[in-house]
Amino acid sequence: MALKIYNSYSRTKEDFIPITAGHVGMYVCGPTVSGESHLGHARPYITFDVVYRYLTHLKLKVRYVRNITDAGHFEEEGREAEDKVSKKAQLEKLEPMELVQKYTNLFHWAMLQFNCVEPSIEPTATGHIVEQIGMIEEIIRAGYAYEVNGSVYFDVKKYAASHDYGKLSGRIIDDLLETTRELDGQEEKRDRADFALWKAAPAEHIMRWKSPWGEGFPGWHIECSAMATKYLGKEFDIHGGGMDLQFPHHESEIAQSTICNHVSPVKYWMHNNMITINGRKMGKSYNNVIKLTELFSGNHPLLSQAFHPMTIRFFILQSHYRSTLDFSNDALIASEKAFKRLWEAYEVLKKLSPEGRPASADTEAESKIRGWLGELESFMDDDFSTPKVLANLFEIAPLINSLKDGILPADAISSETLLNLKEQFRVYLEEIFGLCNPDGSNNERLQSVMQLLIDIRKEAKANKDFVTSDKIRNQLTAMGIMLKDEKDGTTSWGLA
RNA sequence: GGUCCUUUGGCCGAGUGGCUAGGCAAAGCUCUGCAAAAGCUUCUACAGCGGUUCGAAUCCGCUAGGGACCUCCA
């Protein structure tokens, strides 16, 4: 296999060799469904969707697990603390599952908009309390966790004495142990660096489960360890997520799983970089998020218009997943135009016929196209360099348009290369990048109506009745429909 | 404070030692009844300083700016 993946654990690009030949186990940290997803959240889901699609394209059988974090200390966005609700009538209370359902539905809707493939398994934290408790008991038995007042903490100091705690996130254990911070539960912990496996629920806490240590709820890190182990085994190939999860989330996952399963759980750690806005990370605590619903509707002070989910997807694929990507309205507008141009070239390409083209061609266009197409796989193999693939497809676009307009003669490329070109565009744009037609104009009746208007306009033009022909064109433009007069005298249309 | 990353043309964004990525914007031309679209052409950048090298955006050092993580965080 030629695929190389940058492994955050080793900080190098490594050859990708699945643990079990032909199969890949991939776990990606999913959303916490206590609020609406924003643009930053879209990045890992789109990035790992493309990873999943590419691995599948390489004929690997992938089990893709992406969890839903629906346990923890939840409050609905915008609402005040819900501690007092217990005094109210049943229907006025915030039912945790109601909140979880609402944002889970919204998340699924967004994934559908982005044309993300559904994961093979989408486990919820609340559905795996038993497994999490089992794992915590195992860690206690092994002597790496202790109970205090109904809460259980992982003993980082003890773990670090014999294991590499901090390797993934490049942390120095002594610094961690010295860090001064006043955190919740700090006084219960033996050491500052320890983290919670189980938290005793205060009386007013509405999400709670019975456990050997009393009523409470699981710590954040244990859910991923439990679910990944259950569905992917003690050792699996790829674990993905945002860079900000490296510490403490993923570092702790390694520690928990290593104690329980006696093996480091993940072979390749992949981390996508952050989306920034004015150079700063987009995040709830910075108060600078743009929600996906706001992007899709254009309803945000920083946005001049609505943006199609495919524009966002394209925008994300235009940069490498390990680089920061700076958001701005202008950048999205540029992506929208670029995507439109590329997609229209693809539509033109679909209509080009191999008929009347030679079996072989010794032309500049032929060799250029072959060269550009030939590089695509090596770009993807090099740690998923989607921007390079797009650059090559953009190089080809003018040649496609020139073939359509006859600027390049029909015999400039061979029938074989044309067929290959069609196939490669389909494979990369649709299959691997998961892009799809942004304008949904495939309505038969609309097609007929448009054809009628185009015919009337053509007649008017033939009669030099430009008042009528311009009226048709201008009105359509005002409606967001653009007419294009082709070189061969026909007229095509598309959404502006 | 600690650890790490980053600085590319008007904007976005690839790129890790030699061969002007790409996109958007802008200008000119071709085509067109006029447009739009499309095609062609132009716009040769790598924070600053020093070093290594035949050769550096790319390696090393220093300086300056920006950022991330160290706390919930995609």
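Letters A, B, ... mirror the listed sequences (proteins, then strands); counts begin at 1.
Contact annotation for A/K404: no contact, since no heavy-atom pair falls under 4.0 Å across all strands. As judged by a 4.0 angstrom heavy-atom cut-off over every strand, A/K281 is placed among the base-contacting residues. Here A/M282 lies in heavy-atom contact (under 4.0 Å) with a base. In this structure, A/N272 reaches the bases: a heavy-atom distance under 4.0 Å links it to at least one base atom across the strands shown. Note on A/E336: nothing from the nucleic acid sits closer than 4.0 angstrom, heavy atoms only. Across all strands shown, A/L325 has heavy atoms under 4.0 Å from sugar-phosphate atoms exclusively, and none from any base. Residue contacts for A/H38: at a heavy-atom cut-off of 4.0 Å it reaches a base atom on one of the strands shown. Residue contacts shown for A/F466 include a base, since a base heavy atom lies under 4.0 Å away. Across all strands shown, A/S323 has heavy atoms under 4.0 Å from sugar-phosphate atoms exclusively, and none from any base. Backbone-only engagement by A/G170 is indicated by non-hydrogen atom pairs under 4.0 Å involving sugar-phosphate atoms exclusively.
Using a 4.5 Å cut-off on side-chain heavy atoms (C-beta onward), A/H249 and A/C224 make contact.
Counting atom types as modelled, A/R473 pairs a side-chain N or O with a base atom of B/rC34 as donor and acceptor under 3.5 Å. Checked by distance alone, A/N273 brings no side-chain donor or acceptor within 3.5 Å of a matching partner on the base of B/rG67.
One can place CG of A/D330 at 16 Å from P of B/rG10, the figure rounded to the nearest angstrom. Taking atom NE2 on A/H41 and atom P on B/rC72, their separation rounds to 15 Å, with Å as the unit. Taking atom CD1 on A/I481 and atom C1' on B/rA37, their separation rounds to 16 Å, with Å as the unit. The nearest whole Å value for the distance from the CD atom in A/E223 to the C1' atom in B/rC72 is 13 Å. Across the protein-nucleic acid pair, A/E364 atom CD and B/rG39 atom P stand 16 Å apart, rounded to whole Å. Remark: C1' of B/rA35 and CD of A/Q475 are 16 Å apart, rounded to the nearest angstrom. Between the CE atom of A/M482 and the P atom of B/rA37 there is a distance of 6 Å, rounded to whole Å. Atom pair A/R322:CZ and B/rA74:C1' shows a separation of 17 Å (rounding to whole Å applied).
Proximity note for A/P248 (side chain, C-beta onward) versus B/rC70, B/rU3, B/rG39: the nearest is B/rC70. The side chain of A/D470 lies closest to B/rG33 when the candidates are B/rG33, B/rA74, B/rC12. Checked against B/rC70, B/rG33, B/rG23, the side chain of A/A338 finds its nearest nucleotide in B/rG23. Taking the side chain of A/D244 as heavy atoms from C-beta on, and the options B/rA14, B/rG33, B/rA74, the nearest nucleotide is B/rA74. Comparing B/rA36, B/rG2, B/rG23 by their closest approach to the side chain of A/D485 singles out B/rA36. In this structure, the nucleotide among B/rA74, B/rA35, B/rA14 sitting nearest to the side chain of A/I275 is B/rA74. Of the candidates B/rC24, B/rC12, B/rA21, B/rC24 carries the atom nearest the A/A334 side chain, counting heavy atoms from C-beta on. Relative to the side chain of A/S319, the nucleotides B/rG33, B/rA74, B/rG13 differ in distance, and B/rG13 lies closest. For A/P398, taking side-chain heavy atoms from C-beta onward, the closest of the listed nucleotides B/rG39, B/rA14, B/rA74 is B/rG39.
For A/T311 (side chain) and A/F307 (main-chain N/O), no donor-acceptor pair under 3.5 Å exists by modelled atom type. Formation of a donor-acceptor pair under 3.5 Å by the A/D191 side chain with backbone atoms of A/A193 is found in this model.
Here A/E364 pairs with A/K368 in a salt bridge; the nearest charged N to carboxylate O distance falls below 4.0 Å.
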(request) Please lay out, stage by stage, how A/I68 and A/E122 fare under the test side-chain contact (heavy atoms from CB on, under 4.5 Å). (result) CA-CA 7 Å; A/I68 298 269; A/E122 192 174 55; 3.7 Å; yes
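The nucleotide B/rU3 finds its pairing partner in B/rA68, both defining distances of the Watson-Crick or G-U wobble pair being shorter than 3.5 Å. B/rA38 is paired with B/rU30 under the Watson-Crick or G-U wobble criterion, all donor-acceptor distances under 3.5 Å. B/rU58 is unpaired under the criterion used here, namely a Watson-Crick or G-U wobble arrangement in which both key atom distances are under 3.5 Å.
Between A/Y346 and A/W343, the ring planes lie perpendicular to each other; the angle is over 60°, past the 30° to 60° tilted range. In this structure, A/Y321 and A/F384 have perpendicular ring planes: the angle between them is above 60°, well past the 30° mark. In this pair, A/F195 and A/Y165 present their aromatic rings parallel. The plane angle is below 30°, not in the 30 to 60° band.
Regarding contacts with the backbone of B/rA68, a side-chain N or O of A/Y286 is found under 4.0 angstrom from either OP1 or OP2. Listed pair A/K487 / B/rU30 fails the phosphate criterion, with no side-chain N or O lying under 4.0 Å from OP1 or OP2. Side-chain N/O atoms of A/R341 include one lying less than 4.0 angstrom from OP1 or OP2 on B/rG23. Between A/R171 and B/rU3, a side-chain N or O to OP1/OP2 separation shorter than 4.0 Å is absent.
Each of A/R11 and A/M243 was assigned the nucleotide of RNA chain B with the nearest heavy atom; the assignment lying further toward the 5' end belongs to A/R11.
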